[in-house]
Amino acid sequence: MTDEPAPVMAPEDFQQRLLAWFDRHGRHDLPWQKPRTPYRVWVSEIMLQQTQVATVLPYFERFMGRFSTIEALAEAEQDEVLHLWTGLGYYARARNMHKSARLVVQQHDGELPVHDMDAMLALPGIGRSTAGAIIAQSTGRRAVILDGNVKRTLSRLHALPGWPGQPRVERKLWELAEHYTPSCRLTDYTQAVMDFGATLCRRGQPECSRCPFNDVCIANVRGEQKRFPESKPKKTLPVRRAWMLMLNDARGRIWLEQRPPAGVWGGLWTPPQFDDQMSLRAWLDQHVPGAIVSSPEPVFTHTFSHFRLEIIPQPVRCDRLDAVREGGCWYDPEFPPALGVAAPVKLLLERQAPFALKPQDSPGKRGG
DNA sequence: AACCCGTGGCC
DNA sequence: TGGCCAAGGGT
């Protein structure tokens, strides 16, 4: 039953070809490489999880400008950390990184335990691949990574069957990654495999004609580069509905409440959200008696990776500030509080309120 | 083991 | 345009 896909070349050969390519075509001036400290590498690796480099760049600069040390991050409020993460997505990364910063200050004297793999894995938000990336890049010691780039590269190199999300396939990919990882120049090697996958062996339109492995790559020799890695089995997206109460006061502010610490947009601030119109009415009867609910506006659809959300905004005028319950805040567009606000919600605020949000509040958007 | 968790780029 | 996916990890 062991049809083990044998490595197609020796580690030394792989390393030599890859690093020769990297020296000429790799990225050598990414911001987290300038001072390549463990903290800066850590922040970049967390932001780069499931997120492309171009998206991360402005967020990284702003984040480091505010939290230049791990102590500064540890001392901050979670709300401010989430605020700087607004628009980047996967907000558990920010919550976990904030938690980890406090753990490192308390238990490791403020130094990331980059010489202790188990201690790294014990930090929330750092798994096997991210730990390997941080250790290899910041110390140069041997550590193995297996990110999407490496998975794609190794899948093609060996024409590895199966979707990489399958544990059995992923185990083999880890074995292969272990095989090819060299013992020296780990900083360059780790950056090189990621650059290689991101810029040459990319998902669509890989540049096989310029690839240093095109003579040994099984997928290329077969002319089947696009078949690997095999795609994830598709499934239909569930649809959820959310009635969002856009509570406006006389000054054009909107009432926001903090969401539970886990789940969608965990810890972020949104207008009061309800699953149906009845619970919305019930809430209004209790907190804003006499409020007039308008007929449902056209839904505002947002597609997540795993479900589709149909947002139904409900603008309601509310002039009595004390009518609203505790635990929320008025969101003032002129002086927005440093809170985390999800991207679609921000869009909603722009549309519903008689104002425009300030462009510098959204590092992902250019030009404004 | 299968889900859950965001957003933007790409074709 | 809509489906697919990206420097994954937690549960």
Side-chain angles (χ1 to χ4, degrees), chain A residues 26-27 30 32-33 41-60 82 85-97 99-100 120-134 136-137 144-153 163-171 173-174 177 190-199 201-205 226 229-238 240 259-268 270 301-309 340-347 362-366:
Chain A
R27 308 189 202 195
L30 293 170
W32 41 90
Q33 300 171 335
V41 171
W42 175 44
V43 173
S44 75
E45 286 300 327
I46 299 301
M47 286 188 171
L48 286 164
Q49 286 172 359
Q50 301 294 108
T51 311
Q52 300 186 141
V53 170
T55 302
V56 163
L57 286 175
Y59 285 89
F60 179 82
L82 286 175
W85 213 270
T86 289
L88 201 49
Y90 283 138
Y91 300 96
R93 298 183 294 176
R95 300 194 301 270
N96 285 331
M97 195 166 67
K99 195 180 307 179
S100 288
M120 290 293 289
L121 291 175
L123 296 173
I126 298 182
R128 190 173 171 185
S129 185
T130 299
I134 297 173
Q137 293 203 59
V144 183
I145 69 164
L146 182 63
D147 67 346
N149 292 311
V150 182
K151 284 181 179 176
R152 184 171 54 255
T153 300
W163 174 55
Q166 293 176 324
R168 179 176 150 279
V169 178
E170 188 168 343
R171 273 197 300 275
L173 286 169
W174 270 110
T190 302
Q191 187 62 47
V193 281
M194 294 191 288
D195 284 356
F196 181 81
T199 66
C201 195
R202 48 185 188 264
R203 178 167 62 96
Q205 214 74 37
K226 310 210 70 173
E230 289 184 15
S231 57
K232 177 182 180 178
K234 59 177 71 172
K235 49 183 86 171
T236 59
L237 288 181
R240 303 182 201 172
R259 296 179 59 83
V264 176
W265 298 333
L268 272 63
T270 70
T301 297
H302 181 75
T303 303
F304 290 86
S305 46
H306 56 297
F307 68 92
R308 187 186 315 276
L309 185 65
V341 180
V345 173
K346 212 160 191 176
L347 212 55
S362 305
K365 294 181 180 177
R366 315 199 174 133

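Proteins get letters first, then strands, A, B, ... in listed order; numbering begins at 1 in each. Values below: all heavy atoms of this structure, side chains included; hydrogens, waters and symmetry mates excluded.
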With a 4.0 Å cut-off on heavy atoms, is [X] in touch with a base, just the backbone sugar-phosphate, or nothing at all?
| X | result |
| --- | --- |
| G165(A) | nothing |
| V53(A) | base |
| L30(A) | base |
| A133(A) | nothing |
| G204(A) | nothing |
| W85(A) | nothing |
| L88(A) | base |
| A262(A) | nothing |
| E170(A) | nothing |
| R240(A) | sugar-phosphate |
| T130(A) | sugar-phosphate |

- prompt: Mapping V341(A) and P167(A) onto DNA chain B by nearest heavy atom, which one lands closer to the 5' end?
  reply: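 First, find each residue's nearest nucleotide; the 5'-ward one identifies P167(A).
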Nearest 0.5 Å please: distance from the [atom1] atom of [X] over to the [atom2] atom of [Y].
| X | Y | atom1 | atom2 | result |
| --- | --- | --- | --- | --- |
| T55(A) | L48(A) | OG1 | CG | 9.5 Å |
| L121(A) | R128(A) | CG | CZ | 9.0 Å |
| M97(A) | I126(A) | CE | CD1 | 9.5 Å |
| L347(A) | H302(A) | CG | NE2 | 9.5 Å |
| L173(A) | R168(A) | CG | CZ | 10.5 Å |

Just the rounded figure in Å: distance from [atom2] of [N] to [atom1] of [X].
| X | N | atom1 | atom2 | answer |
| --- | --- | --- | --- | --- |
| I46(A) | dA7(C) | CD1 | C1' | 10 Å |
| K346(A) | dG8(B) | NZ | P | 11 Å |
| Y90(A) | dC3(B) | OH | P | 15 Å |
| L82(A) | dG6(B) | CG | P | 10 Å |
| Q49(A) | dT7(B) | CD | P | 16 Å |
| E45(A) | dG8(C) | CD | P | 9 Å |
| L48(A) | dG8(C) | CG | P | 8 Å |
| H302(A) | dC5(B) | NE2 | P | 12 Å |

Short side-chain N/O contact from [X] to OP1 or OP2 of [N], under 4.0 Å:
| X | N | value |
| --- | --- | --- |
| W265(A) | dT7(B) | yes |
| H306(A) | dC3(B) | no |
| Q50(A) | dG8(C) | yes |

- request: Applying side-chain contact (heavy atoms from CB on, under 4.5 Å), name anything that partners L57(A), two or more places apart in sequence or on another chain.
  value: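 With sequence neighbours excluded, L57(A) shows a side-chain contact (heavy atoms from CB on, under 4.5 Å) to P31(A), W32(A), V53(A), given in chain and number order.
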- prompt: Is the side chain of R93(A) donor-acceptor paired with the backbone N or O of I46(A) at a distance under 3.5 Å, no angle test?
  reply: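 Yes, the answer is positive, given that a donor and an acceptor are paired below the 3.5 Å cut-off.
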message: Test your reading of the model: is there a side-chain donor-acceptor pair from R259(A) to the backbone of V264(A), 3.5 Å cut-off?
response: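 Yes: the side chain of R259(A) pairs with the backbone of V264(A).
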Distances for protein N or O near nucleotides 2-5 of chain C N or O, under 3.5 Å:
from, atom 1, to, atom 2, distance (Å)
dC4(C), OP1, K234(A), NZ, 3.3

Between [N] and [M], how far is it from one [atom1] atom to the other, in whole Å?
| N | M | atom1 | answer |
| --- | --- | --- | --- |
| dA7(C) | dC11(B) | P | 15 Å |
| dG9(C) | dG8(B) | P | 22 Å |
| dC4(C) | dG6(B) | C1' | 15 Å |

message: By nearest atom, which of the nucleotides dG8(B), dC5(B), dG8(C) is closest to the S129(A) side chain?
response: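 Out of dG8(B), dC5(B), dG8(C), the nucleotide with an atom closest to S129(A)'s side chain is dG8(C).
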field: Y91(A), nearest nucleotide to its side chain (from dG8(C), dC5(B), dT7(B))
entry: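 That would be dT7(B).
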task: Check each of Y90(A), Y91(A), W85(A), F304(A) against W265(A) using the ring pair (Phe, Tyr, Trp, His ring centres under 6.0 Å) test, and report the only one that passes.
output: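 Going through the options one by one, the only one that passes is F304(A).
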